[in-house]
Amino acid sequence: MRVITGSARGRKLVTLDGRDVRPTTDMVKEAMFSILHFELEQAMVLDLFAGSGQLGIEALSRGARCCIFVDQSVQSQQVIKQNLATTQLASKARVAAMDAKAFIRSTGESFDIALLDPPYDSGILPEVLPLVAEKMNDGGAILCETRLHEELPEEVGQFYLKKKYRYGKIALTLYRKREAEE
């Protein structure tokens with residue numbers, strides 16, 4: 001696993017071991033950042049269910065102003081901090097050691113981009129998406145990674161499902177705010 005491009009290009013990232021760990025593949029990660037390419041510069045990013053932190057780190061490497069990484073696993077938090085040190089991006093990051101729903105409910109931050117990659121088939125996205133939508137800036141984007149068959153709502157708050165992209169057995173679902181699009 002590595003940073004694809006930007007200031008930390010080529011830096012190797014560590015990940016947790018185990019069958020429950022599923023890092024985003026380079027192909028899917030490249031697709032995610034192609035979708036968001038022109039929105040990254042100076043963006044405030046949320047990496048929810050951060051795992052190793054590779055998605056938020058990629059956003060920072062490509063010019064995001066700041067990223068908050070949220071994961072309740074102590075091991076994930078340690079890996080994220082290690083990867084931030086390796087990429088020299090720690091000064092632009094904050095690691096929140098808490099449950100995703102608790103973080104969203106308690107944060108006063110608002111975001112330009114939210115990257116959601118929860119454990120597959122956990123069923124948590126329909127619960128979390130409306131909470132995330134409330135914390136998004138106008139013109140913001142919510143991008144979710146799921147298994148292809150996982151169904152997500154057509155609308156969450158003022159956001160609607162703009163497009164679903166397919167990459168093998170993986171789906172990327174993009175939500176946009178209605179006012180920003182119309």
### Message
Could you check whether Glu155 and Tyr175, counting side-chain N and O atoms only, form a donor-acceptor pair closer than 3.5 Å?
### Response
no
### Query
Counting only heavy atoms not in Arg9, do more than 12 sit closer than 6.0 Å to its CZ atom?
no
### Message
To the nearest 0.5 Å, what is the distance between CE on Met32 and OH on Tyr167?
### Response
10.0 Å
### Query
Heavy atoms, side chains only, cut-off 4.5 Å: are Leu40 and Phe33 in contact?
yes
### Summary
Closest heavy-atom pair, Glu39 versus Ala141, reported as atoms and distance to 0.1 Å, is OE1-CB, 3.8 Å
### Message
Are Met98 and Gln72 packed together at the side-chain level, in the sense that at least one heavy-atom pair is separated by less than 4.5 angstrom?
### Response
no
### Query
At their closest point, which heavy atom of Pro130 faces which heavy atom of Pro126, and how far apart are they?
CD-O, 3.2 Å
### Query
Is any side-chain heavy atom of Leu48 closer than 4.5 Å to a side-chain heavy atom of Ile104?
yes
### Message
Between Lys101 and Glu127, does any side-chain N to carboxylate O distance fall below 4.0 Å?
### Response
yes
### Query
Taking a hydrophobic cluster as the set of Ile, Leu, Val, Met, Phe, Trp and Tyr residues connected by side-chain heavy atoms closer than 4.5 Å, whether directly or through intermediates, do Phe111 and Val132 fall within one such cluster?
yes
### Evaluation steps, salt bridge (charged side-chain N to carboxylate O under 4.0 Å, His left out), between Arg2 and Glu58
CA-CA 9 Å; Arg2 64 185 173 84; Glu58 189 72 38; over 6 Å; no
#### Entry: Nearest heavy atoms of Pro119 and Phe49, plus distance in Å
CD-CD2, 4.4 Å
### Task
Indicate yes or no: at least one non-hydrogen side-chain atom of Ser73 is less than 4.5 angstrom from one of Gln78.
no
### Task
Flag this pair as yes if the NZ/CZ of Arg178 is under 6.0 angstrom from the six-membered ring centre of Tyr160 and inside a 45 degree cone about the axis; otherwise no.
yes
### Task
Please tell me if the side chains of Asp121 and Glu150 come closer than 4.5 Å, counting only heavy atoms from C-beta onward.
yes
### Task
Indicate yes or no for a side-chain donor-acceptor contact from Gln88 to the backbone of Leu84 under 3.5 Å, with no hydrogens or angles considered.
no
### Message
Is the shortest side-chain heavy-atom distance between Ser52 and Leu13 below 4.5 Å?
### Response
no
### Summary
Shortest non-hydrogen pair, Ser7 vs Leu89, comes out as OG-CD2, 4.0 Å
### Gly140 to Phe159 - nearest heavy-atom pair and separation
O-CE2, 3.6 Å
### Query
Would Ile142 and Leu174 satisfy side chain to side chain contact (heavy atoms under 4.5 Å, CB included), going step by step from the backbone distance to the final call?
CA-CA 6 Å; Ile142 303 171; Leu174 176 65; over 6 Å; no
### Query
Does some side-chain heavy atom of Ile170 sit less than 4.5 Å from a side-chain heavy atom of Arg147?
no
### Task
Please answer: with hydrophobic residues joined when any side-chain heavy atoms are less than 4.5 Å apart, are Leu60 and Met1 in the same cluster?
yes
### Task
Show the numbers, then the answer: is there a side chain to side chain contact (heavy atoms under 4.5 Å, CB included) between Met44 and Arg65?
CA-CA 6 Å; Met44 180 65 173; Arg65 172 175 45 95; 3.4 Å; yes
### Task
Look at the side-chain heavy atoms of Ile, Leu, Val, Met, Phe, Trp and Tyr, link any pair under 4.5 Å apart, and say whether Ile124 and Leu115 land in one connected group.
no
### Message
Please check: side-chain N/O of Asp71 versus main-chain N/O of Gln77, any donor-acceptor pairing under 3.5 Å?
### Response
no
#### Entry: ILVMFWY cluster, Leu129 and Leu36 together (side-chain gap under 4.5 Å)
no
### Query
In Å and rounded to the nearest 0.5 Å, what is the OG1 to CG distance from Thr15 to Asn83?
8.0 Å
### Query
Do you know the tightest heavy-atom contact between Gly56 and Cys67?
CA-SG, 3.6 Å
### Query
If you measure from OG1 on Thr173 to OH on Tyr165, what distance do you get to the nearest 0.5 Å?
10.0 Å
### Task
Please test Ile68 against Val45 for side chain to side chain contact (heavy atoms under 4.5 Å, CB included), starting from the C-alpha separation and ending with a verdict.
CA-CA 6 Å; Ile68 298 179; Val45 177; over 6 Å; no
### Query
Going by heavy atoms in the side chains, are Arg94 and Glu109 under 4.5 Å from each other?
yes
### NZ-CD1 distance between Lys92 and Ile57, expressed to the nearest 0.5 angstrom
12.5 Å
### Query
Between Leu131 and Phe103, is a side chain to side chain contact (heavy atoms under 4.5 Å, CB included) present by the stated rule, with each step listed?
CA-CA 10 Å; Leu131 301 173; Phe103 172 80; over 6 Å; no
#### Entry: CD on Gln75 to CD1 on Ile80, rounded to 0.5 Å
11.5 Å
### N/O donor-acceptor pair under 3.5 Å between Ser61 side chain and Ala8 backbone
yes
### Message
Could you measure the distance from the CG atom of Leu55 to the CG atom of Leu143? Nearest 0.5 Å is fine.
### Response
9.0 Å
### Glu30/Arg62 under salt bridge (charged side-chain N to carboxylate O under 4.0 Å, His left out): CA gap, chis, key distance, verdict
CA-CA 12 Å; Glu30 186 63 55; Arg62 293 174 184 236; 3.5 Å; yes
### Message
Using the rule that Ile, Leu, Val, Met, Phe, Trp and Tyr join whenever any side-chain heavy atoms are under 4.5 Å apart, tell me whether Leu161 and Leu172 fall into a single cluster.
### Response
no
